[in-house]
Amino acid sequence: WGYIELSVDGGLTWKEVGKISGISDWTTVSYNLRDAIGTSSSFRLRLRIKTDQSVNYDGWDIDSLKIVGQRR
């Protein structure tokens, strides 16, 4: 599993905003972070992987990560 998580309190707590499962070819995924960020002026984003004991692969390939915002 690959988890996309967001924190608006400096990393004290994390909210899951997306999850990727299994093995797949390259794919494009996008997430709207507006609700998770709320009125915060800053945030932290982390990409975390978790495996089970029966199947363990080398990791998670992420390419061309973009964070796009709108001016308020």
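The shortest heavy-atom contact between Ser7 and Gly10 is OG-N, 3.8 Å. Here the closest non-hydrogen pair linking Tyr31 and Lys19 is OH-N, 3.9 Å.
Contact check for Arg44 versus Trp14: side-chain heavy atoms found under the 4.5 Å cut-off.
In the hydrophobic clustering of ILVMFWY residues, with side-chain heavy atoms under 4.5 Å counting as a link, Leu33 and Leu12 come out apart.
Once rounded to the nearest 0.5 Å, the distance linking CD1 of Ile37 with CZ of Phe43 reads 4.0 Å.
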Could you walk me through whether Ile4 and Ile20 satisfy the side-chain contact (heavy atoms from CB on, under 4.5 Å) test, starting with their C-alpha distance in whole Å, then the side-chain angles of each, then the deciding distance to 0.1 Å, before giving a yes or no?
CA-CA 8 Å; Ile4 298 94; Ile20 306 294; 4.2 Å; yes
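For residues 7-17, no residue pair satisfies the salt bridge (Lys or Arg N to Asp or Glu O under 4.0 Å) rule, not counting sequence neighbours.
For Arg48, the salt bridge (Lys or Arg N to Asp or Glu O under 4.0 Å) partners are Glu5, not counting sequence neighbours.
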